[in-house]
Amino acid sequence: VQLQASGGGSVQPGGSLRISCAASGRTSSSFTMGWFRQAPGKEREFVVAMRWGDGNLKYAASVKGRFTMSRDRAKDTVYLQMNSLFPEDTAVYYCAAAELNMIIGSMSTSNRYQYWGQGTQVTVSS
């Protein structure tokens, strides 16, 4: 499975941005796809994940209500709509995929994901 992230960029605080992640190769309904981010000098952190088969989602508390993950099944693509962005949202955003239907409680664990995209930079600054 290959993951290709795109759509990063720069935006002012309070602005919005949408990033995408297209999956190619062996995908199925028994997948979980997620977004993680890593800011300079910090560890990678969980943002949101979705169980591909039933669409169940888990959001990190820091983004709940501001970020929305969605999917296009026909294109094997997931999207992350980010609204009301703060400077602390600045990071490289990585999409990830796991070949299993995770339970909600496992979705935030990065080492459960076998496949990772190359990352896309999101910068929130005035």
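Starting from 1, each residue takes its place in the sequence as its number.
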Positive for side chain to side chain contact (heavy atoms under 4.5 Å, CB included) with Trp52, one of Val78, Asn101, Thr32: Val78
Residue from Asp89, Val122, Thr120, Thr90 passing side chain to side chain contact (heavy atoms under 4.5 Å, CB included) with Arg37: Asp89
hydrophobic_cluster_shared for Met102 and Met50, side chain cutoff 4.5 Å: no
Distance-only donor-acceptor check, side chains Thr123 and Gln121, under 3.5 Å: yes
Nearest atoms (heavy-atom pairs only) where Tyr113 meets Ala49: OH-CB, 3.3 Å
Side-chain heavy-atom pair Val47, Tyr94 within 4.5 angstrom cut-off: no
Asn56 side chain reached by Ile104 side chain, heavy atoms, under 4.5 Å: yes
Distance (rounded to the nearest 0.5 Å) between Thr68 OG1 and Leu80 CG: 8.0 Å
List the atom pairs, with distances to 0.1 Å, where a side-chain N or O of residues 8-18 and a protein N or O form a donor-acceptor pair under 3.5 Å, not counting sequence neighbours.
unit_1: Ser16; atom_1: OG; unit_2: Asn83; atom_2: OD1; d: 2.9

Reported CG-to-CZ distance for the pair Leu57 and Phe67, which is rounded to 0.5 angstrom: 14.0 Å
Closest approach of Arg71 to Asp54 (non-hydrogen atoms, all atoms of both residues): NH2-C, 4.0 Å
Which atom of Leu85 lies closest to which atom of Arg66, heavy atoms considered: CA-NH1, 3.8 Å
Cluster check Tyr79, Val63: I/L/V/M/F/W/Y, side chain < 4.5 angstrom: no
Side-chain donor or acceptor of Gln114 paired with backbone N/O of Glu99 under 3.5 Å: yes
N/O donor-acceptor pair under 3.5 Å between Arg51 side chain and Leu100 backbone: no
Atom pair CD (Glu45) and OG (Ser110), whose distance is rounded to the nearest 0.5 Å: 11.5 Å
Non-hydrogen atoms of Met107 and Phe46 that approach each other most closely: O-CE1, 3.4 Å
CD (Glu43) with more than 12 external heavy atoms under 6.0 Å: no
Side chain to side chain, Phe36 and Val92, heavy atoms closer than 4.5 Å: no
Which atom of Gln118 lies closest to which atom of Leu3, heavy atoms considered: OE1-O, 3.7 Å
Criterion side-chain contact (heavy atoms from CB on, under 4.5 Å) on Cys21 and Tyr93, from CA distance to verdict: CA-CA 10 Å; Cys21 178; Tyr93 283 70; over 6 Å; no
Shortest non-hydrogen separation from Tyr59 to Met69 and the atoms involved: OH-N, 2.9 Å
Ser108 vs Lys58 side-chain heavy atoms within contact, under 4.5 Å: yes
From CA spacing to verdict: side-chain contact (heavy atoms from CB on, under 4.5 Å), Arg44, Trp116: CA-CA 12 Å; Arg44 189 172 296 186; Trp116 291 83; 3.1 Å; yes
